[in-house]
4 protein chains.
Amino acid sequence: MTANDEKLSRREQRREDRRDEIKAAGVHIFAKHGYHAAKVSQIVKEVGVAQGTFYLYFEGKEPLFGEILNDFLAMVVGTIADWEPSDLDTREALRGDLTRVGLMLTDVLTENPEHTQIFFREALTVSKEFKEMIREFYETLGAMLSSFNAILFDRGLIARRNNRVLAYMTIGMVERVIQEYVVHGVLDDIPAREVVENLVLLYLEGTAPPAE
Amino acid sequence: MTANDEKLSRREQRREDRRDEIKAAGVHIFAKHGYHAAKVSQIVKEVGVAQGTFYLYFEGKEPLFGEILNDFLAMVVGTIADWEPSDLDTREALRGDLTRVGLMLTDVLTENPEHTQIFFREALTVSKEFKEMIREFYETLGAMLSSFNAILFDRGLIARRNNRVLAYMTIGMVERVIQEYVVHGVLDDIPAREVVENLVLLYLEGTAPPAE
Amino acid sequence: MTANDEKLSRREQRREDRRDEIKAAGVHIFAKHGYHAAKVSQIVKEVGVAQGTFYLYFEGKEPLFGEILNDFLAMVVGTIADWEPSDLDTREALRGDLTRVGLMLTDVLTENPEHTQIFFREALTVSKEFKEMIREFYETLGAMLSSFNAILFDRGLIARRNNRVLAYMTIGMVERVIQEYVVHGVLDDIPAREVVENLVLLYLEGTAPPAE
Amino acid sequence: MTANDEKLSRREQRREDRRDEIKAAGVHIFAKHGYHAAKVSQIVKEVGVAQGTFYLYFEGKEPLFGEILNDFLAMVVGTIADWEPSDLDTREALRGDLTRVGLMLTDVLTENPEHTQIFFREALTVSKEFKEMIREFYETLGAMLSSFNAILFDRGLIARRNNRVLAYMTIGMVERVIQEYVVHGVLDDIPAREVVENLVLLYLEGTAPPAE
DNA sequence: GATGAATGAGTATTCATTCAT
DNA sequence: CATGAATGAATACTCATTCAT
């Protein structure tokens with residue numbers, strides 16, 4: 001690596017840092033005031049740079065929001081993708097896996113409450129484009145969980161249900177609990193593990209296959 | 001009733017009709033474009049009246065939104081309030097009751113998909129006031145369901161759970177399924193009864209008390 | 001007078017009464033809020049008639065203001081016109097005359113404080129037309145008083161002065177004292193006669209011809 | 001002073017210049033059309049900037065008016081404050097002082113006829129706030145002149161009068177003459193000195209103490 | 001005459017974005 | 001790279017006036 005490369009790289013690093021600062025301020029302001037009430041002037045003021053500087057790092061207010069939204073989705077998807085399923089040959093194994101992934105998800109969202117808030121509160125109202133992106137996210141998630149349920153049923157691990165309805169029920173119970181826990185603090189006197197276990201329990205008991 | 005009264009009453013009737021027309025247009029435009037992108041000019045254009053006429057019937061754009069929101073909440077609350085619980089002495093009775101109220105709710109929301117969409121998509125982003133109103137709605141609902149769960153547990157109808165978590169899980173599964181069913185039409189190839197029965201089933205099986 | 005005439009006349013009377021009611025309300029509202037902040041809706045509300053009724057009696061808001069303004073000017077001009085000057089052959093006679101007309105003016109304005117307030121506060125800002133009307137009023141008054149001063153000087157009753165400046169000084173001292181006395185109540189602990197005598201005294205002593 | 005400071009200061013200078021340009025245009029438009037008929041669009045058009053630019057320098061139309069009004073009052077008060085009274089031990093000294101301050105006032109107002117016009121014509125009709133500010137100005141002035149008269153009487157320089165009435169008479173004669181002279185040009189064929197001397201003469205002769 | 005619902009022209013203000021320095 | 005002054009499009013709301021009933 002030449003001195004030049006190093007310098008360039010240092011410059012790039014600074015550029016990245018500055019971008020991150022602005023994005024962090026964006027997260028903060030969007031969470032505090034909502035997308036529509038948030039002003040670019042508030043964001044730059046929080047960072048301590050001039051109005052024009054914002055546009056050196058982001059194309060505009062909406063693109064910034066888009067990145068923040070993508071960061072959130074990437075975090076969620078990444079967490080689920082990190083999940084290395086066990087053999088899933090018994091309901092006990094399933095319980096373990098679900099609890100584990102649930103706790104991982106709880107962790108990452110608890111660490112990013114503002115992202116979580118922005119996602120649930122604002123994402124649908126910014127633009128048609130984002131609305132459709134979110135819709136696609138939900139439908140993908142719904143389809144994945146439907147397939148997952150179908151597999152579990154095939155393996156005799158869960159009872160016969162309408163797997164699509166079951167998928168969306170699952171999504172719903174998880175997302176509402178997350179909102180109350182992470183964003184509104186309504187359930188935050190309860191240990192995360194207990195919350196997750198209640199979720200897993202309802203799912204598992206609610207789908208217990210009939211005893212032979 | 002004198003002729004004068006009649007005239008007055010006819011006038012009042014026309015006034016109500018006009019109000020309703022404008023409100024209906026508001027529902028339509030808000031659902032189509034979202035609160036922030038909706039323009040008063042679009043609403044009056046849809047009704048076919050002048051801009052000023054709008055302000056004869058509503059104080060402004062936000063107050064109109066507020067009424068629409070209240071109408072929705074009143075519909076939901078009214079539906080639940082209409083529920084005359086049976087004795088609730090057996091799980092079978094419970095299943096019947098839950099199915100019945102679930103179907104009633106499904107009915108009223110299916111008939112008002114735009115209100116439903118507005119509630120889930122926009123209500124939180126219009127103003128602090130509405131955000132707090134919605135929050136209160138959720139917390140009241142959460143508290144009611146928590147108590148309900150506690151009663152059911154006392155009667156031996158459901159197993160020991162964290163009743164608050166259970167309450168919010170229930171809210172979540174219902175609201176997500178409603179959104180998919182009513183607003184996005186993702187589940188609308190499935191009969192309403194089946195959807196509701198799946199919801200009730202998950203709740204009931206998921207909370208089945210241990211056999212003696 | 002036939003019965004028909006009488007009926008007509010009664011109808012005309014009613015019409016006049018209604019007009020006067022509206023005008024009185026106009027005076028009140030204009031004085032309270034000023035011309036620009038005054039709303040026709042406030043005026044009709046005070047009278048207890050419908051919005052449209054206003055336009056059966058007056059051409060509009062500005063014409064109503066015009067009438068009110070003219071009423072005020074007519075009162076002032078009428079008061080001065082009522083003055084039957086004495087011979088004005090001595091300064092004592094002059095003092096008597098000025099005191100008399102001053103008291104008459106004070107009387108009529110004190111009885112119509114809202115008109116007075118409207119004239120001094122609003123008249124110039126309503127329209128070009130009224131501004132010019134007021135200007136003409138002042139210039140006519142100035143010219144009259146200038147001539148009057150010239151006559152008094154010719155008769156040896158007052159000293160040599162710039163008669164036009166003297167005229168406007170006189171107008172100014174009178175109108176400012178009137179405003180404080182009638183509109184703002186700043187001097188209203190002082191008997192009207194004393195106020196007028198102070199005015200006359202300043203004018204007379206301030207223009208006393210040099211002793212021979 | 002570093003280059004940076006200089007740059008900053010130059011920027012600040014430009015900012016002030018721009019502000020002054022806009023304010024000057026405001027004075028012009030307000031004087032020409034009156035506050036209520038004046039449009040922000042006219043003001044920015046006169047300066048040759050965009051509509052939004054106006055709001056970089058002033059909070060709005062009314063705040064701009066407020067500054068203009070304050071500038072006027074500051075000029076008047078400043079002129080009077082600049083007056084360094086002589087010993088005021090003889091009526092001749094008093095005459096000199098009054099003439100001097102009168103000329104100074106005439107000067108400053110003649111140089112700012114639009115401000116003068118705005119003050120006398122519009123200031124009372126813009127808002128309650130300004131109305132009260134003006135009222136306070138008059139009452140302060142009235143109180144000051146009353147005290148001044150009391151002092152002069154104590155020193156035997158003027159006769160016994162109602163000092164408050166005398167104060168307001170003085171204010172009135174001065175302000176009316178100023179309006180005619182500065183705003184309407186009615187007296188502007190007369191040298192300023194002569195106008196002022198007539199004012200002083202009426203005051204002094206009108207309050208001459210009785211010869212012993 | 002009286003009503004009051006309907007009209008629609010008119011305007012101050014905001015704020016994301018640009019660009020000369 | 002950074003600045004921040006300038007831009008100007010975009011919109012909710014008011015209220016004097018009209019006119020069908």
Side-chain angles (χ1 to χ4, degrees), chain A residues 11 14-15 18 36-45 47-64, chain B residues 4 7-8 10-12 14-15 17-19 36-44 47-64, chain C residues 11 14-15 18 36-45 47-64, chain D residues 4 7-8 10-12 14-15 17-19 36-44 47-64:
Chain A
R11 196 177 294 168
R14 261 207 305 269
R15 186 174 169 81
R18 180 53 60 94
H36 290 97
K39 297 172 199 161
V40 173
S41 61
Q42 294 172 316
I43 296 172
V44 298
K45 191 178 169 190
V47 184
V49 296
Q51 195 95 349
T53 305
F54 178 88
Y55 293 87
L56 295 175
Y57 295 92
F58 295 93
E59 300 267 317
K61 183 183 171 185
E62 191 174 315
L64 169 62
Chain B
N4 209 20
K7 204 159 139 197
L8 191 69
R10 230 182 300 147
R11 217 197 308 256
E12 276 169 359
R14 258 206 305 271
R15 186 173 170 82
D17 291 351
R18 186 43 67 91
R19 249 185 86 86
H36 291 96
K39 319 252 175 290
V40 173
S41 62
Q42 295 172 316
I43 296 173
V44 297
V47 184
V49 295
Q51 192 94 353
T53 306
F54 178 89
Y55 294 90
L56 293 177
Y57 295 92
F58 296 94
E59 303 263 319
K61 185 183 167 184
E62 189 173 316
L64 168 62
Chain C
R11 197 177 293 171
R14 259 207 306 270
R15 185 172 169 80
R18 180 53 60 97
H36 290 97
K39 296 172 199 162
V40 173
S41 61
Q42 294 172 316
I43 296 173
V44 297
K45 192 178 169 190
V47 184
V49 296
Q51 194 95 348
T53 306
F54 178 89
Y55 292 87
L56 296 175
Y57 295 91
F58 295 92
E59 300 267 318
K61 184 183 169 184
E62 191 174 313
L64 168 62
Chain D
N4 210 19
K7 203 160 140 197
L8 193 70
R10 230 182 300 146
R11 219 197 307 259
E12 276 170 0
R14 259 208 304 272
R15 187 173 169 81
D17 290 350
R18 186 44 66 90
R19 249 186 87 85
H36 290 96
K39 318 252 175 289
V40 173
S41 62
Q42 294 172 317
I43 295 173
V44 297
V47 184
V49 294
Q51 194 93 353
T53 305
F54 178 87
Y55 294 89
L56 293 176
Y57 295 92
F58 296 94
E59 303 263 320
K61 184 182 167 184
E62 189 173 316
L64 169 61

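Here is how names work: the chains are called A, B, and so on, in the same order as the sequence lines, proteins then strands, and each is numbered from 1.
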For the pair made of [atom1] in [X] and [atom2] in [N], what is the distance, rounded to whole Å?
X        : N       : atom1 : atom2 : answer
Arg19(B) : dA6(E)  : CZ    : C1'   : 17 Å
Leu64(A) : dT17(E) : CG    : C1'   : 14 Å
Arg15(D) : dT3(F)  : CZ    : C1'   : 14 Å
Leu56(D) : dG4(F)  : CG    : P     : 13 Å
His36(C) : dG10(E) : NE2   : C1'   : 14 Å
Glu62(A) : dC15(E) : CD    : P     : 17 Å
Arg14(B) : dG4(E)  : CZ    : C1'   : 11 Å
Phe54(C) : dC19(F) : CZ    : P     : 17 Å

With a 4.0 Å cut-off on heavy atoms, is [X] in touch with a base, just the backbone sugar-phosphate, or nothing at all?
X        : answer
Ala38(A) : sugar-phosphate
Gly52(A) : base
Phe58(A) : nothing
Arg18(A) : sugar-phosphate

Return the pairing partner of dT21(F) with a 3.5 Å limit on both distances, Watson-Crick or G-U wobble; otherwise return none.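 Paired with dT21(F), as far as the under-3.5 Å criterion goes, is dA2(E).
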Could you say whether Ala37(C) or Gln51(D) is positioned toward the 5' end of DNA chain F, judged by the nucleotide with the nearest heavy atom to each?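 Of the two residues, Gln51(D) wins.
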Starting at the 5' end of DNA chain F, which residue's closest nucleotide do you reach first, Val49(A) or Lys39(B)?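 Here Val49(A) is the residue nearer the 5' end.
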With rounding to the nearest 0.5 Å, note down the distance linking [atom1] in [X] to [atom2] in [Y].
X        : Y        : atom1 : atom2 : answer
Arg19(D) : Phe54(D) : CZ    : CZ    : 10.0 Å
Gln42(A) : Lys39(A) : CD    : NZ    : 5.5 Å
Lys61(C) : His36(C) : NZ    : NE2   : 7.0 Å
Thr53(C) : Phe58(C) : OG1   : CZ    : 12.5 Å
Leu64(B) : Glu59(B) : CG    : CD    : 11.5 Å

Is Ser41(A) near enough to dC15(E) that one of its side-chain N or O atoms lies under 4.0 angstrom from OP1 or OP2?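 Ser41(A) to dC15(E) OP1/OP2: no side-chain N or O under 4.0 Å.
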Using the side-chain heavy atoms of Val40(C), tell me which of these nucleotides is nearest: dT17(F), dT3(E), dA6(F).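 Minimum distance to the Val40(C) side chain belongs to dT17(F).
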Closest nucleotide of DNA chain E for Tyr55(D) versus for Glu59(A): which of these residues is on the 5' side?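 Nearest nucleotide further toward 5': that of Tyr55(D).
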Want to settle it: does Lys61(A) or Tyr57(B) sit nearer the 5' end of DNA chain E, counting the closest nucleotide to each?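 Mapping each residue to its closest nucleotide by heavy atoms, the 5'-most match is Tyr57(B).
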